[in-house]
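Each chain gets a letter, A, B and so on, in the order the sequences are listed, and its residues count up from 1. No hydrogens, no waters, no symmetry mates; every other heavy atom, side chains included, goes into these values. All of these numbers come straight from a predicted model, not from anything done at the bench.
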Amino acid sequence: MPQPAPASGPDLSRYPGGEALYRMRHSAAHILATAVTELFPEVKVAGGPPVDGGFYYDFAKPTPFTPEDLETIEARMREVVRAGQTFEFAETTRDEAAKVWANEKYKLHFLSQIPEGAKVTTYRNGEFLDLCRGPHVVSTANVTAFKLTHVAGAYWLGSEKNEMLQRIYGTAFESQAELDEHLKRIEESLKRDHRKLGRELDLFSIHEEVGPGLVHWHPRLGMVRHMLETFWKEEHLKAGYQLVYTPHIASEKLYEISGHLQNYADIMYAPMQVDEQAYRVKPMNCPNHIMIYNSRKHSYRELPLRYAELGTVYRYERSGVLHGMERVRGFTQDDSHIFCTPDQLQSEIEGVLALMDLLLKTCGYEYSCYLATRPLDKYLGSDAEWEFATNALKQALEHRGLPYEIDEGGGAFYAPKIDVKLRDAIGREWQCPTIQVDLNLPKRFGVYFTGSDGQDHEVIMLHRALYGSLERFVGIFIEHTGGEFPVWAAPLQAMIVPVHARAFEYAQQTAEMLRAAGVRVEVDTRDEKMGAKIRDAELQKVPYMVVVGPRDAEAGTCAPRRKGQGDLGTMPREQLVVRLREEIRTRAR
RNA sequence: GCUGGUGUAGCUCAGCUGGUAGAGCACGUCACUCGUAAUGACGGGGUCAUCGGUUCGAUUCCGAUCACCAGCUCCA
């Protein structure tokens, strides 16, 4: 019988794939450690849990594992599986366990975390004994389909202050077919990588001559961004926001007041000297928005005030973290700061959540929210303030019926926040929308409103971004759509394909008709066969291809083709205009 | 930033053990005038990431730097 899952441990029912898969991957990790300790007796073992999509095990080894080592290890693992070793559960004491792992400093650390007198549980398969809560499958033979995928460094205990261990990743499934399908899915998703599509569809580029992490938007992606920005502005104006514009550099004095210089010096670019005064490129928009607010007194009657800006900021991101458009050094936040009274806070948050929902749903995203609470140490503000702000966020989420998870201690040092993460092509999560209740800047800048009592009261400042940054959002948008943007956002919405040169004139006429209806359209007048034109338009992921020939010229018709659907049949041109106009107007997906 | 890997034409990639490079697509020219995913012929294009070393000789071996990829850490 397999051991039951421990009472205190990860919640296995929530593991993607369920408890059975958890057991198998956990056991696969032990088999990996079994093989490694046999083949490389000099390694020290750390630990290895199942993770989303697979498992890993960390080792300390003086020389790195090579790709060939992985093959050797995997081969040895298969022998262990064939041997059908039983996973034997045992309990012991901390002192006994400390003797067993006397030479394993990482295991000793884990032991030290177990309370004195508590039971220590172990699992043995063959010669390999591991300190482990379980649960496992019955026998190594139950690990049916697995594969080692890659090696990478990982800090001991997840802290960059510690030494780096070598982490071997693998994945396991209940059948070879499922494993094959998983690997195939990863391979397929790589085709949607925004960096690959960025090249293929001529969307953006990054240049060594300019610098890493600095994105150049090509005309096509420029149009996608323009459409997203237009949509954003329309909806923000409707929701009572006011557009502001602020400078890209500021005197260091500003960042001394804001505290950025003290707290974010490592992400800010070096100062430049202007007339005896040091200036900095802006890393955030908040101080500038406060300047606008503070340029005069405000009555409680004016609040809430909602300043919105597509604000471009520059941050020094460490070289290893840059990632296409999704993690860059210069980016535009769809930033807004809402100045309100404590009474208004919750309804303002709800308004932000409603707007966020509209933007994300229109772009086709499902999303999940995290409520990030006060950090354990290093935070500003009183407990009462944190409680008030956190509660407002929580109430707003619940009032809007949004499910959320608590990210305990995940807040910024100056603010509790709601974070929303979107997934890229291969399932990596990226933080995009964020809503933060700032407990710091109103104090530092002295941001007040005059109450009905004629006295100054500190404003509540809500900081929020809904796309997050245009760069990251669009990067993920490319991956979600696979470059097939919805018609309203597509750079080119329709390509007219004349069957031959004699139909050019009618093609131009048709293009004009669509253009007059607000459709982005081009005519493919290249000296090519129409098959080639169709093929090229398909590859460029143009949503509509409109074939026209002499027959259409006589009848006033066209023969549109929808990408992914094929020929829609011959129809009057007016009918196509109506169809396109409606699809664009409703921002249909 | 850290650990490991990669760097050959605009793109995708060949190039065995050192003797200065090739394909397909793309691009240009010409011919073909075509009804729903590739018409044909010819042509131009590379200081083999950069710098240094070993060697009679380096795209190939060694080192450094830069960029990129995966992961860790950090973040919009």
query = If you measure from the P atom in B:rC48 to the same atom in B:rG52, how many Å do you get, rounded?
reply = 13 Å
request  = Heavy atoms under 4.0 Å is the rule here; annotate nucleotides 70-76 of chain B 5' to 3' with B where the base is hit, S where only the sugar-phosphate is, and - elsewhere.
outcome  = SBBBBBB
task = Determine the interatomic distance between C1' on B:rA14 and the same-named atom on B:rA64; round to the nearest Å.
result = 29 Å
ask   = Under a 3.5 Å cut-off for both distances, is B:rU39 Watson-Crick or wobble paired, and to whom?
value = B:rA31
query = Considering the options A:Arg561, A:Arg562, A:Lys533, which one meets the salt bridge (Lys or Arg N to Asp or Glu O under 4.0 Å) requirement together with A:Glu538?
reply = A:Arg561
ask   = For A:Arg551, which contact category applies under a 4.0 Å heavy-atom criterion: base, sugar-phosphate, or nothing?
value = base
ask   = So, is the end of the A:Lys44 side chain (NZ or CZ) under 6.0 Å from the ring centre of A:Tyr106 and within 45° of the ring's axis?
value = no
Aromatic centroids of A:Phe477 and A:Trp430 separated by under 6.0 Å = no
ask   = So which nucleotide does B:rU3 pair with, by the Watson-Crick or G-U wobble rule with both distances under 3.5 Å?
value = B:rA70
key: Check: A:Pro283 main-chain N/O paired with A:Arg315 side-chain donor or acceptor under 3.5 Å   = yes
C1' atoms of B:rG19 and B:rU3, separation to the nearest Å = 38 Å
request  = Taking atom C1' in both B:rU20 and B:rA38, compute the distance separating them and give it to the nearest angstrom.
outcome  = 36 Å
query = What is the nucleic acid contact for A:Pro67, judged by heavy atoms within less than 4.0 Å: base, sugar-phosphate only, or nothing?
reply = nothing
query = Considering every strand shown, what is the Watson-Crick or G-U wobble mate of B:rG18 when both distances are under 3.5 Å?
reply = none
query = Can A:Asp536 and A:Arg526 be counted as an ion pair, charged N to O under 4.0 angstrom?
reply = yes
inquiry  = If I pick the P atom on B:rU60 and the same atom on B:rU6, what distance separates them, to the nearest angstrom?
reply    = 14 Å
ask   = Is the distance between the ring centroids of A:Phe473 and A:Tyr365 less than 6.0 Å?
value = yes
message = Reading RNA chain B from 5' onward, which residue's closest nucleotide shows up sooner: A:Leu165 or A:His500?
response = A:Leu165
ask   = What distance, rounded to whole Å, do you find between the two P atoms, one in B:rU12 and one in B:rC51?
value = 23 Å
inquiry  = Closest approach to the side chain of A:Glu528, judged atom by atom: which nucleotide of B:rU39, B:rU36, B:rG1 is it?
reply    = B:rU39
inquiry  = For A:Phe65 and A:Phe40: C-alpha separation, side-chain torsions, deciding distance, then whether ring pair (Phe, Tyr, Trp, His ring centres under 6.0 Å) applies.
reply    = CA-CA 10 Å; A:Phe65 289 110; A:Phe40 308 93; 5.5 Å; yes
query = Does B:rA23 have a Watson-Crick or wobble partner in any strand here, with both distances under 3.5 angstrom, and which is it?
reply = B:rU12
query = Which whole number of Å gives the distance between the P atom of B:rA9 and that of B:rU50?
reply = 10 Å
message = Between B:rU47 and B:rA21, how many Å separate the two P atoms, rounded to a whole number?
response = 13 Å
